[in-house]
Amino acid sequence: MSESIPVSRAVDHGTAKLMPDVDRERAWLLTVDGAPQSYVDLDEPTHLEFEYARRLGHVLDVAGEPGAPLDAVHLGGGAMTLPRYLAVTRPGSRQEVVEADAGLAALVAEHLPLPAGAGVTVHTVDARAWLAAAPDRCADVLVADVFGGSQVPAHLTTVGYVDEVARVLRPGGVYLANLADAAPFAFLRSQLATVAARFAECVLIAEPAVLRGRRFGNAVLAVSDRALDVPALTRAVAADPFPARVEAGAVLDAFVGDAPVVHDGTAVPSPLPPSGAFAVG
């Protein structure tokens, strides 16, 4: 953008706004219907403002050899925060971004364009439909950050969806998901049970206050068919401005308990956040 002035536009699934950050010259907050979707700093794409984005970034940092390029799929594009991050931290990465809201993708491309040579291709289709058509074993990492309004769509919560994720990932690949829930965690526990039906290794990253049931909040899920670097993740999230915990192994198994695996016939969206939980002006 040439001037730091807010932009508001009707997109496919609501009203999107781009608002400048007065403290950072070329940084922008994207909201849809008042719910924060993305934050990007065009001058410093490694700056991850949202805590959940920092946690996703920490997983991406340990998903392969330091600095080595990855083939990445992002379900949910928003303002392309993580594709920008990966393009800088892992130059040469090939990235596919799947954003169902074509109007939103056009707004971001117009006002917050990706740098030339970023290696990012944007697809304006439904995330699960794109996965179903994707080749086998084409991705090293797959990041899901898809919200219809403030809810994860039901068709992206099922074991059938996870089967597609597993098919698209290469051996040793990592699946990451940004989820949101609150005590008693029926949705989050069922999501953990569902990915555990297809992946051997799983970690959960969230703030202690969320895990203790004190408030509604984000939780990052990372799964693979290989062991994840839990010590490195634990150190990274503990050093964040809002420290988080990494749960894995027996502790996570106990948290999941007897939660059911989710199937396409019974899936529901993630719970609506309490009024005002994420909204901004």
- Message: Please give the remaining members of the hydrophobic cluster of Val159, linking ILVMFWY side chains under 4.5 Å, ordered by chain and number.
- Response: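 Members alongside Val159: Val261.
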- Ignoring hydrogens and angles, state whether a donor on the side chain of Thr158 or Arg128 is under 3.5 Å from an acceptor on the partner side chain. yes
Can you measure from [atom1] ([X]) to [atom2] ([Y]) and round to the nearest 0.5 angstrom?
| X | Y | atom1 | atom2 | value |
| --- | --- | --- | --- | --- |
| Leu169 | Asp136 | CG | CG | 11.0 Å |
| Leu48 | Asp41 | CG | CG | 10.5 Å |
| His123 | Leu75 | NE2 | CG | 10.5 Å |
| Glu201 | Leu228 | CD | CG | 6.5 Å |
| Arg90 | Leu70 | CZ | CG | 4.5 Å |
| Arg84 | Leu114 | CZ | CG | 4.5 Å |

Test your reading of the model: is there a side-chain donor-acceptor pair from [X] to the backbone of [Y], 3.5 Å cut-off?
| X | Y | answer |
| --- | --- | --- |
| Glu49 | Val40 | no |
| Gln37 | Ala79 | no |
| Thr81 | Tyr39 | yes |
| Gln151 | Ser270 | yes |
| Arg189 | Phe255 | yes |
| Asp240 | Phe242 | no |

- side chain to side chain contact (heavy atoms under 4.5 Å, CB included) between Thr31 and Met19, intermediate numbers included: CA-CA 8 Å; Thr31 68; Met19 294 178 285; 3.6 Å; yes
Show the nearest heavy-atom pair for residues [X] and [Y], with the distance to one decimal.
| X | Y | value |
| --- | --- | --- |
| Arg167 | Leu131 | NH2-O, 2.6 Å |
| Val122 | Ala105 | CG1-CB, 4.4 Å |
| Gln191 | Val262 | NE2-CG2, 3.9 Å |
| Ala134 | Val168 | CB-CG2, 3.9 Å |
| Ala16 | Leu107 | CB-CD2, 3.7 Å |
| Val120 | Pro83 | CG2-CB, 4.2 Å |

Side-chain heavy atoms nearer than 4.5 Å, only ILVMFWY residues, links allowed to pass through others: does that put [X] and [Y] together?
| X | Y | result |
| --- | --- | --- |
| Ile205 | Leu252 | no |
| Val11 | Phe147 | no |
| Val141 | Leu233 | yes |
| Val237 | Val143 | yes |
| Tyr52 | Val203 | yes |

- Message: Let's go through Arg170 and Asp71 carefully: what are the C-alpha distance in whole Å and the side-chain angles of both, what is the deciding distance for side chain to side chain contact (heavy atoms under 4.5 Å, CB included) to 0.1 Å, and is it a yes or a no?
- Response: CA-CA 10 Å; Arg170 295 179 179 131; Asp71 290 340; 2.9 Å; yes
Within a radius of less than 6.0 Å around [atom1] of [X], do more than 12 heavy atoms belonging to other residues, nucleotides or ligands occur?
| X | atom1 | result |
| --- | --- | --- |
| Arg94 | CZ | no |
| Arg214 | CZ | no |
| Arg137 | CZ | no |
| Glu25 | CD | no |

Any side-chain heavy atom of [X] sitting closer than 4.5 Å to one from [Y]?
| X | Y | result |
| --- | --- | --- |
| Pro91 | Pro69 | no |
| Leu30 | Leu112 | no |
| Thr194 | Thr157 | no |
| Leu221 | Cys202 | yes |

- Task: Would you sort out whether Thr15 and Ser8 count as a side chain to side chain contact (heavy atoms under 4.5 Å, CB included), showing the intermediate values?
- Result: CA-CA 7 Å; Thr15 298; Ser8 180; 3.5 Å; yes
- Query: Is a salt bridge present between Glu207 and Arg55, judged by a nitrogen-to-oxygen distance below 4.0 Å?
  - Reply: yes
- Kindly indicate, with the supporting measurements, whether the criterion side chain to side chain contact (heavy atoms under 4.5 Å, CB included) is fulfilled by His111 and Trp28. CA-CA 10 Å; His111 291 286; Trp28 298 87; over 6 Å; no
- Message: Between Glu44 and Arg24, is the salt bridge (Lys or Arg N to Asp or Glu O under 4.0 Å) condition met? List the steps.
- Response: CA-CA 10 Å; Glu44 192 179 346; Arg24 303 177 73 94; 2.7 Å; yes
Kindly list each side-chain donor-acceptor pair under 3.5 angstrom involving residues 59-68, sequence neighbours excluded, with atom names and distances?
residue, atom, partner, partner atom, Å
Asp61, OD1, Tyr85, OH, 2.8
Asp61, OD2, Tyr85, OH, 3.0

Using residues 171-186 as the side-chain source, report each donor-acceptor pair under 3.5 Å to any protein atom, sequence neighbours left out, with the distance given to one decimal.
residue, atom, partner, partner atom, Å
Tyr175, OH, Tyr161, OH, 2.9
Asn178, OD1, Asn218, ND2, 3.0
Asn178, ND2, Asp145, OD1, 3.0
Asp181, OD2, Phe187, N, 3.2
Asp181, OD2, Leu188, N, 2.9

